[in-house]
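One-based numbering, in listed order, for ligands and for the atoms of each.
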Amino acid sequence: MARAFTAGRLVLATHNPGKVREIAELLAPFKVDVVSAGELNLPEPEETETTFIGNAKLKAIAAAKASGLPALSDDSGLSVTALNGAPGIYSARWAGPSKDFNLAMTRVEKELGGNPNRTAKFVCALALCWPDGHCETFEGEVHGTLSFPQRGQKGFGYDPIFMAKGQTITFAEMEPAAKHAMSHRVNAFRQLVAACFKTNQ
Ligand code: IMP
């Protein structure tokens, strides 16, 4: 059985403002006082693992140990079928040190070249870890296709080129509530809530 989250305060172990916003919105219905790693000036650990779950655990354990509070991290990315799953765990790194996602999306388009297979998925691993090193982990996906040129101003990261299956608009053209109804993050989040947040509802 998963360990329940019973503390009142939770650290969001991410320095990505897009993720902080989305996860805080998802946590809004629960009585949780959310504080981000950035607000606590916690260092950003290097992502040295080879899987989304591995990197999510590494980030949440670092934040939990440094803050003395339970910490929730998100490691996520875009996995493109025709690129053998790239950029995958390197999704943030494809944007370079200036975190320029125009650069990253242009690279995806360039590497696809004339390949007609445009299928891709977003993957999200969530890790809820406690200062004693115990972690509960969850993984969610959303499948879809890539569409160029970029469309939409909402969301973050690769949202302007991703259309979920059955949709005609990109994630960046969707209202946040519509993206939350189908995203990889919400899929993982639902599993997390069912396993660890029941008593906080
Ligand atoms: P990391 O998990 O901090 O290594 O970064 C994951 C990267 O994947 C983000 O910086 C985004 O570029 C991308 N990504 C993850 N989730 C989403 C999403 O919901 N929309 C668009 N891009 C995403």
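When heavy-atom distances to ligand 1 are checked against 4.0 Å, the residues falling inside are N16, K19, E47, K59, D74, D75, S76, G77, S91, A92, F101, F122, F156, G157, Y158, D159, K179, H184, R185, ordered by chain and number.
For residues 115-127, every residue pair satisfying the salt bridge (Lys or Arg N to Asp or Glu O under 4.0 Å) rule, not counting sequence neighbours, is listed here: K121-E141. Applying the side-chain hydrogen bond (donor to acceptor under 3.5 Å, both in side chains) test to every pair with at least one member in residues 177-190, sequence neighbours left out, gives these pairs: E22-K179, E22-R185, E25-H180, D74-R185, S76-R185, D159-K179, N187-Q191.
Annotation: disulfide bond (SG atoms under 2.5 Å apart) contacts of C124 (sequence neighbours excluded): none.
More than 12 non-hydrogen atoms from other residues, nucleotides or ligands lie less than 6.0 angstrom from CG of D33.
Side chains of E39 and S36: a donor on one and an acceptor on the other come within 3.5 Å.
The aromatic rings of Y158 and F101 stand perpendicular to each other, their planes meeting at an angle above 60°, with 30° marking the opposite boundary.
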